[in-house]
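Shown next, in structure tokens, is the structure this report addresses.
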Amino acid sequence: MADTYGVGIGWRPEIDGFVAELPGLRFAEVVAESVHAQGDLPAGLSRLIDRGVTVVPHGVRLSLGGAEPVDPERVRHLAAVAGRLNAPLVSEHIAFVRAAGIEAGHLLPLPRSRDAVDAVVANVKRTQAELPVPIALEPIAALFDWPDDELSEADFLTEILDRTGAGLLLDIANVYANARNRGDDPLELLDKLPLDRVAYVHVAGGDEHDGLYHDTHTHATPQPVLDLVAELCRRHRPPALMLERDGDYPPAAELRTELDAIAAASGYPAIT
């Protein structure tokens, strides 16, 4: 994105009223599959767009990492929603959700192999051919690594970005989760990624269960993730950072506190 938007939030029907009352909001994201390609937009989204808030559709069902080609109908839907929202870009995940016609219902991690790179690149290019705007790709939080990984995470992502020309949707909470579960230093990944390619950033909370940290989106953003936001912005501040909350929504005062903490960590103005 060429413009700078600062701190934003994921629009969900359950927090529509809260989002509508954020005076400094200039950027929001909506799950693409929750918006119809035709008919009326959700009233809350229409009001945001009418007041000049940029709304980006975020896909969750393309299965860009699948071995089979992306479903053309799902690509057409994402393209239509981008047009309806007048969005400057769309985003999707580097993951697969479908194999042999079976829907997993979850974002599943890819082996970091040359074959997987080729599959992602082919599907991203198929998608780009139908989209009216650029696409940003999001690496997911993975609770395990495949045994046949051939590439580091940074090399895997960079090769996909280089070969597709796509932007990077960097989920800083996923960076924290993956590093914590692998016993790695998250700053090492940040220092190897092409941060100038970051279109925007997701920020979210999680919780530890049975020794693994889960990226839940239902907990407040922990201090280590806020610290990573600050480290990222010292290196290269992205155009926008967006709070993800999905379910178990806290009172409005707690959401404002969380948004203010992201603003303080990033150096962007508060939107509350």
Side-chain angles (χ1 to χ4, degrees), residues 6-25 27-35 41-45 47-48 53 55-61 91-93 95 97 103-109 138-144 169-181 186 200-230 232 240-266 268 270-272:
V7 176
I9 192 169
W11 183 87
R12 306 290 186 266
E14 296 88 345
I15 54 172
D16 175 35
F18 171 81
V19 175
E21 294 175 357
L22 292 170
L25 183 68
F27 177 79
E29 180 195 80
V30 63
V31 175
E33 288 80 3
S34 70
V35 179
L41 289 173
L45 279 183
R47 286 191 291 268
L48 288 182
V53 176
V55 181
V56 167
H58 181 55
V60 298
R61 296 187 63 205
S91 59
E92 245 288 2
H93 301 85
V97 300
E103 298 283 341
H106 298 281
L107 297 165
L108 299 172
E138 178 186 1
I140 67 169
L143 293 177
F144 65 91
L169 167 48
L170 182 63
D171 190 317
I172 204 72
N174 290 352
V175 171
Y176 172 72
N178 289 343
R180 178 165 167 173
N181 290 334
Y200 65 104
V201 170
H202 279 170
V203 185
D207 188 44
E208 184 167 329
H209 182 68
D210 290 338
L212 289 174
Y213 184 84
H214 296 258
D215 179 46
T216 64
H217 299 181
T218 58
H219 295 77
T221 304
Q223 189 60 48
V225 172
L226 293 172
D227 293 342
L228 272 182
V229 167
L232 167 66
L241 300 100
M242 196 211 83
L243 173 63
E244 280 191 296
R245 293 295 295 244
D246 292 291
D248 197 19
Y249 298 101
E254 291 183 26
L255 277 179
R256 291 191 191 96
T257 297
E258 193 168 5
L259 287 168
D260 288 346
I262 296 170
S266 65
Y268 275 123
I271 63 169
T272 57

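- With sequence neighbours excluded, no residue forms a salt bridge (Lys or Arg N to Asp or Glu O under 4.0 Å) with Arg256.
- Within the model, atoms CD1 of Ile262 and CE of Met242 stand 9.0 Å from one another, a figure rounded to the nearest 0.5 Å.
- Residues Val229 and Val201 are not in side-chain contact: their nearest non-hydrogen atoms beyond the backbone lie 4.5 Å or more apart.
- Using a 4.5 Å heavy-atom cutoff, the side chains of Val56 and Phe27 are in contact.
- Annotation: side chain to side chain contact (heavy atoms under 4.5 Å, CB included) contacts of Thr257 (sequence neighbours excluded): none.
- Scanning both residues, Ser266 and Leu241, for their nearest heavy atoms gives CB-CD1, 3.7 Å.
- Annotation for Ala204 and Pro222: closest pair O-CD, 4.0 Å, computed over non-hydrogen atoms.
- In this structure, the side-chain hydrogen bond (donor to acceptor under 3.5 Å, both in side chains) partners of Thr272, at least two apart in sequence or on a different chain, are Asp260.
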Using the rule given for side-chain hydrogen bond (donor to acceptor under 3.5 Å, both in side chains), can you reason through Ser91 versus Glu138, listing the C-alpha separation, both sets of side-chain angles and the distance that settles it, and then say yes or no? CA-CA 7 Å; Ser91 59; Glu138 178 186 1; 6.0 Å; no
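- Applying the ring-ring contact (aromatic ring centres under 6.0 Å, His included) test to His58 and every residue at least two apart in sequence or in another chain returns His93, His202.
- Checked against side chain to side chain contact (heavy atoms under 4.5 Å, CB included), Ala261 has the following partners two or more places apart in sequence or in another chain: Leu226.
- Looking only at side-chain heavy atoms (C-beta outward), Val55 and Trp11 stay at 4.5 Å or farther from each other.
- In this structure, Asn178 and Ile140 approach most closely via the heavy-atom pair ND2-O, 3.2 Å.
- Evaluation of the side chain to side chain contact (heavy atoms under 4.5 Å, CB included) rule for Pro250 yields Arg245, Glu254, Leu255 as partners, not counting sequence neighbours.
- Between Phe18 and Ala252 the shortest heavy-atom distance is CE1-O, 3.6 Å.
- In this structure, Leu228 and Val175 approach most closely via the heavy-atom pair CD1-CG1, 4.4 Å.
- Scanning for salt bridge (Lys or Arg N to Asp or Glu O under 4.0 Å) contacts around Asp16 gives Arg47, with sequence neighbours left out.
- One finds the OH atom of Tyr176 at 9.5 Å from the CG atom of Asp227 (value rounded to the nearest 0.5 Å).
- No side-chain heavy atom of Pro57 sits less than 4.5 Å from a side-chain heavy atom of Val35.
- Residues passing the side chain to side chain contact (heavy atoms under 4.5 Å, CB included) test with Glu14 are Arg12, Tyr249, sequence neighbours excluded.
- Between Ile15 and Ile9 there is a side-chain heavy-atom pair separated by less than 4.5 Å.
- When all heavy atoms of Asp171 and Ala173 are compared, the pair lying nearest together is OD1-N, 2.9 Å.
- The side-chain heavy atoms of Leu243 and Val7, taken from C-beta on, include no pair separated by under 4.5 Å.
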